[in-house]
Amino acid sequence: MYNSLQQWFRTGQPWIWLNAGAVTISLLLVIGLMGILLVRGLGHFWPAPLQLVTYTDPQGEELQLLGIRVERQQVTADQIRNAGLPVPPGVDLLQRQLIKVGNRDLYGLDFRWVLEYQLSNLHHPRHAVVIQRSEWGNFHGFIRGIQEGGLLIAEQQPDENRLWDEVQLRLQRVQLLQRKMRQLEQRDISAINHQLERLRLAERRMALRGQTDATRLAALQLERRNLQAEYQRLEQQLLAIHQPLARDSLLVQTADGQQLLLPFRNLVSIHQPNNLSLLQKIRLYLLNLWAFVSEGPREANTEGGIFPALFGTVMMVLIMSVMVAPMGVVAAIYLHEYARQNWLTRSIRIAVNNLAGVPSIVYGVFGLGFFVYFVGGGLDRIFFPEALPAPTFGTPGLLWASLTLALLTLPVVIVATEEGLSRIPRSVREGSLALGATQAETLWRVVLPMASPAMMTGVILAVARAAGEVAPLMLVGVVKLAPSLPVDLNAPYVHLERKFMHLGFHIYDVGFQSPNIEAARPLVYATALLLVLVILVLNLTAIALRNHLREKYRALDM
Amino acid sequence: MKSISEKLEQELNSPRIRRQRRLRAGRDKGVRWLVGAGGLGVILAITLIFFYLFHEVLPLFQPATTRHGPVLQLDLPDQEAPLLLLTEEQEQMAGLLMPSGQLHFVDLASGQLQQSLQLDLQGARISSISPPHADSRLLLLGLDTGQLLVTRVEFTLAFSQEGQPRGIQPSLSFPLGQQPISINHQGQAIRLLHHQQQEQEITLAAVSGTQLTLLRYNNTRSLFPGAGTQTSQRLELELDEPPDYLLTTPGHRLVYLARQDGTLTLLQDQQGQQHQLLPNGGQITGLTLQLGSQSLLVSDSHGHVSQWFMVRDEQENRQLTHIRTLQLGQQPVTHLLPEARRKGLVAADATGQLGVFSTTAENRVISGPLLPEQPQLMALSPRGSLLLTLDQHQHLHQLHLHNPHPEASFKALWGKVWYEGYPEPEWVWQSSSASNAFEPKFSLTPLAFGTLKAAFYAMLLSIPLALCGAIYTAFFMAPSLRRKIKPVIELMEALPTVVLGFFAGLFLAPFLEQYLPGILALLLMLPPGMLLFGYLWSRLPETLRHALPDGWHAILLIPVILLISWVSLSLSQPLELLLFSGDMQHWLTNEMGIPYDQRNALVVGFAMGFAVIPTIYSIAEDALFGVPRSLSHGSLALGATPWQTLTRVILPTASPGIFSAIMIGLGRAVGETMIVLMATGNTPVMSANIFEGMRTLAANIAVEMGESAVGSTHYRILFLAALVLFVFTFVFNTLAEVVRQRLRQKYSRL
């Protein structure tokens, strides 16, 4: 017990409390960040209730708003006044809400800040629908009727729900047709385009080499004609789908009474969030989550899923680990097992260590200058002169991005592998050598198997680091929207020269370059959460592996 | 016995075993060789980064070079000396204008006369010339009858049917008609002539006698050939004294009339303004406008070239101001040519001394007696890489200039430069603009400043948190808790910075903007709040205090900190009403004069500080935890309190480790790209204000690398920025690493 404050200070206790506070704050920051990511990232997919409110604008006019409450905050009256909006006198603090009203095609903006005192008469209409569309964002409103071939065949009042099942059926029909169309477009027609381009290049290659082999040329011509005929046929098929696809339209009405005709082909999904049971909501939530990771983006990446970005990230990381693992392991084995231990190896080790601290953007600059322009440009001149001036490898792409990141993560693998090697007791090596094994045999049969978990750790850490790096990728191959995946059904199946999408860059692009930031914000949170989870899982695996390894050798040492 | 050992020996030396042994030895050697080659290869690949960056940067600082081309003896049919020398884009042909109106075109490789074209002067003689610009190619000839002939000299690259270039084809066209335009109705000769072309407008000025004529032609071209309309404006002014030099800017916004003694009359909206261009005496020997027509270049008889442009003074008046003087030599400058695509110029004197200058970088790129004596005519090709000189014996000298990066000098990169249109010398980074005549501003100073500013605010947050955290974890925390807490904080390091950056930009920035008073209150209230709680805890009865094991303070503080945060954030708006008249941003901007950006250094400080905490924490904690227990036990046994032991024994021993932790953290903060890119506005301003943004070297590379042309000065300067980052972080990390290794040795000795 300390009698006075002064005495207490003399014991040094207060400073210990402050130090403890630093730990607590750091901890809370981590937990807080993760918590916000979790809540915002996962919350978005929950079918939030649609609320219908009457909004009275400063001129006294009333407006019906049907939307989802996104955010609620308290502001001072002066802030509102300084923003140029009227405030009732005598109020210091106001509550305001951000409401997602949708219907960007009608209102211009699909999000709206409103002050709470302007709202009245809140209720949740049971049959209000949220329609996801392929353009203009979501529609909020009510179903009024169904049109087939330009004729209104069924009608209902906003508060009725007679047509709901019929709408679902017709939506399924259109989606079936759309799937068929996508298959035609993305598989068959794209394959033919690929073949045609191959023919063009073959012809040009012949011209460049000065070959005038008439039979070969004729064969190429024939093949081209065949392809073009096939193309015509597919195009006919495609056209034949167009008409039934455009047959149905949905007549809808907004909360403020505007009627609108939405062709079914533009609809992605349709829900009545206020009319769902808890179980249905959970099902819808999981479906939304699945759609997010399995579908492509829509509307300048602000809607839809992130599948291409996820795929690109995984692809890039895979190629990178294939490259970095052998390089890192060989370098580590050389440094630890073969090189003479002197000042040179020591300084090499320090240098390798420090490369891990060199800013990643520097690697990006190097990758762009050296790999893309120097190596890639050289490859183009030697192997792909027929495609010039359009570059094949002389432009940022998957291969160069992977190579750049392999270089970036090389120190991680080298350091981890070396650590693993140094943990193997000398006695084990000496035992092997004493039994007459050569150094290579010792390495292959004894040392490497024992060090393999360390190498795994190194590669996993490298993958974790690479998956989160964005800055260098911006220079060497990432794009906001890649027209095609780096893997497809056209030979050679894996297209290393293509540009690709990446989760991290997706976050940057959607969060900071997107025209509709409010709409994109929840998707960015979800993407960030996904990225963080991937990286955390990878890191935890690496840590677990390392701990396992330590335990194992502790036993060996004794 | 013998038989067994013999048998064994035989067995071991059997050909099969021997062969196998040789194979194994060979394999061993092979692996050794392979691993050696592979390992060294990887290490070389790593060093390649440095050398490649260096290799890309080097041309910036290499001096420009020159190469003499063949000297051509011109064999022209005319007896008189030519009046004007012309060049073209491909640098394969030269044109010569003769007093008779003949234009001769000479192939620069062979010296052969390729073609001659005749201008119809209708019996008059050429009395003045306004030479063509690189892109408009308009040649204006003033005649002694007071008339003016406007022609366009075009050089087209002809192709054969197979697409092979076949040579240059010169041609003449007459955009204002073949008939000369009458300028002086009294028929006085046009003495001075100058023109400009901007888009569809031709601006021209002519002096004949004491009459100054200003003319503007506006061609509105239509989609259909021949359907365009042409309008013209004409203005005539009477001058007191006829000038010796005449220049106009597009649209006659400024007209310069100068006399040899240095007096300049500047006409601005027909208002005259007098200036003295040569305060130190001497005579003007040449007057020209630089690319973009903003700067006036004056050469004089003392061998100087000076640059002048309009600068806004304190009263917002635009004044023609002397900016800088470049020195060619001691002799009078006889020729002064601006570069067509860059802010550069070429000057020469009668002794054959040549100087190639860049005005922005204020450096002399090339100098020396590279030209023939007494050069008569001189022309610089549009690309600025071929200088043609005609000497008095009709020899045409060719000088190839390899001058790729005149804008890069140490001063231009780091010092204050007086850019066109700026009121004073400044540090500015502005690498590109839509206009061709733009003066690129490549000062790395604001970027380096931004980098250090961002790193400073990040370190301001992270050093206290990380170091205090490390001290507590290493020395005071219960071991069971330490095993859990340390990995969690270290795991933060694995968080991708793009997530932190996005979080800072999209969550933290608006949050800080809204709760700024609350956040400031939180920062002020946290330390005293924690101290208060500690004191109250110490006053609790012992039984209660001992219920919790030692070293669990950190857990106890969680509810305390949450409570303080909640209180200060909910106090945010009341505080704002009470202290900042209801709107803190408004108050800051209007009352304090502190501009407030939503994405500012405070946001970056928080986000990047957060990113750096685990780095510093982890290394510092290792260093502190590694201090041999014997030391602290000894100190405690001698009666020191834990705090005394920490400050007097542990911290001094571990201080090198802490130093290296801070170095590595700083290295990370300096090179971090994504957080800064997303959490600041990326405007390269130089202001230490915590509520304003900045642009860092790394973010600048990320923003601009994609748009820079390969091999351009801009591209290489971005490589230079990368090299600076590389060297900076490498040096810091090496320093830290060496310190850390020393420390490890020290510990192992103790």
Side-chain angles (χ1 to χ4, degrees), chain A residues 2 8 11-26 28-30 74 76 78-79 82 92-93 327 330-331 333-334 338 348 350 353-355 357-359 361-362 365-366 369-370 373 438-440 464 468 470-471 474-475 504 507-508 511-512 521 524 528 531-532 535 539, chain B residues 24 27-28 31-32 35-36 38-39 42-43 46 49 52 56 465 468-469 471-473 476 489 492 494 496 498-499 502 506 530-531 534-535 538 553-554 557-558 561 573 576-577 582-583 586 610 613 641 643 664 667 671 673-674 678 698 701-702 705 710 719 722 725-726 729-730 733-734 737:
Chain A
Y2 310 107
W8 185 62
T11 61
Q13 281 292 322
W15 315 124
I16 298 179
W17 279 102
L18 282 186
N19 284 338
V23 176
T24 317
I25 293 172
S26 309
L28 285 177
L29 285 176
V30 186
Q74 182 173 274
T76 63
D78 297 272
Q79 281 172 341
N82 286 335
D92 276 341
L93 291 175
M327 287 201 292
V330 166
I333 290 176
Y334 170 72
Y338 283 94
I348 287 179
I350 291 184
N353 238 329
N354 290 350
L355 276 176
V358 167
I361 188 83
V362 174
V365 170
F366 172 76
F370 186 75
Y373 291 137
T438 61
Q439 197 180 1
V470 178
M474 290 165 70
L475 305 183
I507 295 173
Y508 167 67
F512 291 83
R521 198 188 293 254
V524 187
L531 184 60
V532 168
I535 286 168
N539 270 289
Chain B
R24 283 174 59 206
R27 216 182 275 154
D28 187 44
V31 170
R32 173 179 295 269
V35 169
V42 169
I43 289 155
I46 292 175
I49 299 176
Y52 185 74
E56 284 290 319
L465 274 183
C468 292
I471 288 171
Y472 184 79
T473 321
F476 298 110
I489 297 185
M492 277 163 71
V498 67
V499 171
F502 133 76
L506 287 191
M530 291 189 295
L531 286 183
Y535 182 67
S538 75
H553 305 81
L557 279 173
I558 289 180
I561 290 176
Q573 267 120 10
E576 204 164 8
L577 286 175
D583 188 345
H586 200 253
F610 187 84
I613 283 175
T641 62
W643 184 253
I664 290 177
T673 311
M674 291 318 286
M678 297 161 94
I701 296 173
M705 197 76 205
V710 182
F719 266 81
L725 280 178
F726 182 91
T729 48
F730 202 83
N733 286 350
T734 308
E737 192 61 35

Interface moiety of A:Met327 toward chain B, non-hydrogen atoms closer than 4.5 Å
both
Can you tell me which portion of B:Thr641 sits under 4.5 Å from chain A's heavy atoms? Options are side chain, backbone, both or neither.
side chain
Contact summary for B:Ala702 and A:Ile361, nearest pair of heavy atoms:
CB-CD1, 3.8 Å
Report which part of B:Met492 has an atom under 4.5 Å of a heavy atom belonging to chain A: side chain, backbone, both, or neither.
side chain
B:Ile613, part contacting chain A, at a heavy-atom distance under 4.5 Å
side chain
Which atoms of A:Ile535 come close to chain B, meaning under 4.5 Å heavy atom to heavy atom: side chain ones, backbone ones, both, or neither?
side chain
Under 4.5 Å from any heavy atom of chain B, what part of A:Leu475 do you find: side chain, backbone, both or neither?
side chain
Restricting to non-hydrogen atoms, name the atom on A:Asn19 and the atom on B:Phe476 that form the minimum distance, rounded to 0.1 Å.
ND2-CE1, 4.5 Å
Does some side-chain heavy atom of B:Ile43 sit less than 4.5 Å from a side-chain heavy atom of A:Tyr334?
yes
Relative to chain B, which segment of A:Tyr373 carries a heavy atom at a distance below 4.5 Å: side chain, backbone, both, or neither?
side chain
Of all of B:Gly534, B:Gly671, B:Ala554, which one pairs up most often with chain A through heavy atoms under 4.5 Å apart?
B:Gly534
Give, as side chain, backbone, both or neither, the part of A:Phe512 having an atom under 4.5 angstrom from any heavy atom of chain B.
side chain
When every non-hydrogen atom of A:Gly21 is compared with those of B:Ile561, the smallest separation belongs to O-CD1, 4.0 Å
Any side-chain heavy atom of B:Phe719 sitting closer than 4.5 Å to one from A:Val365?
yes
Highest number of heavy-atom pairs under 4.5 Å with chain B: which of A:Asn539, A:Val23, A:Ile348?
A:Val23
With the side chain counted from C-beta on, respond yes when A:Met474 and B:Met705 share a heavy-atom pair under 4.5 Å apart, and no when they do not.
no
Least distance between heavy atoms, B:Gly39 atom then A:Val330 atom:
N-CG1, 3.5 Å
Side-chain heavy atoms of A:Pro359 within contact of B:Thr673, under 4.5 Å
no
Using heavy-atom distances under 4.5 Å, tell me whether B:Val710 contacts chain A through its side chain, its backbone, both, or neither.
side chain
I'd like to verify something: which residue of A:Thr24, A:Asn354, A:Thr76 has the highest number of heavy-atom pairs under 4.5 Å with chain B?
A:Asn354
So B:Phe726 and A:Leu355, do their side chains get closer than 4.5 Å, heavy atoms only?
yes
What residue in A:Ala440, A:Ala22, A:Ala20 has the most heavy-atom pairs under 4.5 Å with chain B?
A:Ala20
Check whether B:Ile471 gets within reach of chain A through its side chain, its backbone, both or neither, counting any heavy atom under 4.5 Å.
side chain
Which region of A:Leu29, side chain (C-beta onward) or backbone (N, CA, C, O), has a non-hydrogen atom less than 4.5 Å from a non-hydrogen atom of chain B, or is it both or neither?
both
Toward chain B, the part of A:Ile333 with a non-hydrogen atom under 4.5 Å:
both
Heavy atoms only: give me the nearest A:Trp8-A:Trp17 pair and the separation to one decimal.
CZ2-CD1, 3.8 Å
For A:Thr11 and B:Trp643, the nearest pair of non-hydrogen atoms, with its separation, is O-CB, 4.0 Å
Between B:Ile49, B:Val42, B:Val499, which has the largest tally of heavy atom pairs under 4.5 Å with chain A?
B:Ile49
Under 4.5 Å heavy-atom distance to chain B, tell me which part of A:Ala471 shows up: side chain, backbone, both or neither.
both
Best-contacting candidate, B:Glu576, B:Arg27, B:Glu56, against chain A by heavy atom pairs under 4.5 angstrom:
B:Glu576
Using heavy-atom distances under 4.5 Å, tell me whether B:Phe610 contacts chain A through its side chain, its backbone, both, or neither.
side chain
CG (A:Asn353) and CD (B:Glu737) are apart, to the nearest 0.5 Å, by 4.5 Å
Highest number of heavy-atom pairs under 4.5 Å with chain B: which of A:Val532, A:Thr438, A:Leu93?
A:Thr438
In Å, rounded to the nearest 0.5 Å, how long is the span from CE of B:Met530 to CD1 of A:Ile25?
4.5 Å
